[in-house]
Protein chains: 2
Amino acid sequence: MFVVIFRAKIHTLDEEYTRTAARMRELALGQFDCLAFHSVTEGQEEIALSYWPDEASIRAWKAHPEHVCAQQLGKARWYESYTVQVALVAREYQHSNSAPDQPQC
Amino acid sequence: MFVVIFRAKIHTLDEEYTRTAARMRELALGQFDCLAFHSVTEGQEEIALSYWPDEASIRAWKAHPEHVCAQQLGKARWYESYTVQVALVAREYQHSNSAPDQPQC
């Protein structure tokens, strides 16, 4: 499984950002092979994580016309700067106070 | 380069959390080989990213006595649940409105 890590310094978020972010999430999860999506914003900092089965899915998603348009708006209006990293998940473990720990593999 | 992705659902954060989080960051960056650390919290959601040169550094950091104590407090008091993922960064690119785009390698 791959993860795309988007770390951004926000410039200005507006109503179009909110609509676009919701649409991008819907598209990625519904029409592409995105496995999960998590986004957290605090002040001017944003981290968004999306999970994918392979790099081909990530490239297809990056090239989708609506997503290309959103990327252009992001550069022009919403973000001062950002970094995108593509990483291969090697291992993971979880803890939940409502469930026993899973093995650390 | 490796990234450790910590995604948590927060239960309750207190003053000891704030002190411990600052100390853990200082230790990781100052006495271990952590390359960078970014943490964002929104409501009950937290994402923290730490970057490392290799898996040996990550294991040494995980096993440090002060960090083990912090992990136990995290489970017992601060977090309802969390997921930790270790991933290998395959590629990255950046954009900044104050600098030309770097090549997408």
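Computed from heavy atoms alone, side chains included, the values below leave out hydrogens, waters and symmetry copies. Each chain gets a letter, A, B and so on, in the order the sequences are listed, and its residues count up from 1.
Heavy-atom neighbours of B:His11 NE2 from other residues, nucleotides or ligands within 6.0 Å: at or below the threshold of 12.
How far CZ of B:Arg7 is from CD of A:Gln94: 8.0 Å, rounded to the nearest 0.5 Å. We find the CD-CD1 distance between A:Glu42 and B:Ile47 to be 11.5 Å, quoted to the nearest 0.5 Å. The CD1 atom of B:Ile5 lies 10.0 Å from the NE2 atom of A:His38; values are rounded to the nearest 0.5 Å.
Hydrophobic clustering of Ile, Leu, Val, Met, Phe, Trp and Tyr side chains at less than 4.5 Å, counting indirect connections, keeps A:Tyr17 apart from A:Val68. B:Trp52 and A:Val89 fall into different hydrophobic clusters, where Ile, Leu, Val, Met, Phe, Trp and Tyr residues are linked whenever their side-chain heavy atoms come under 4.5 Å apart, directly or through other members. Under the 4.5 Å side-chain heavy-atom criterion for Ile, Leu, Val, Met, Phe, Trp and Tyr, B:Phe37 and B:Tyr82 are members of distinct hydrophobic clusters. Residues A:Met24 and A:Phe32 are members of one and the same hydrophobic cluster, defined by side-chain heavy-atom contacts under 4.5 angstrom among Ile, Leu, Val, Met, Phe, Trp and Tyr. In the hydrophobic cluster analysis, where Ile, Leu, Val, Met, Phe, Trp and Tyr join through side-chain heavy atoms closer than 4.5 angstrom, A:Leu35 is grouped apart from B:Val86.
Side-chain atoms of A:Asn97 come within 3.5 Å of backbone N or O of B:Lys75 as a donor-acceptor pair.
In this structure, chain A has no heavy atom under 4.5 Å from any part of B:Phe2. For a residue to count as touching a neighbouring chain, one of its non-hydrogen atoms must lie under 4.5 Å from one of that chain's; by this rule A:Tyr51 touches chain B with the side chain only. With a 4.5 angstrom heavy-atom cutoff, B:Glu45 touches chain A via backbone and side-chain atoms both.
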Does the side chain to side chain contact (heavy atoms under 4.5 Å, CB included) test come out yes or no for A:Gln85 and B:Met1, once each step is laid out?
-> CA-CA 11 Å; A:Gln85 295 170 316; B:Met1 180 173 66; 3.8 Å; yes

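For the set A:Val40, A:Val3, A:Leu49, A:Thr83, the entry with the most heavy-atom pairs within less than 4.5 Å of chain B is A:Val40.
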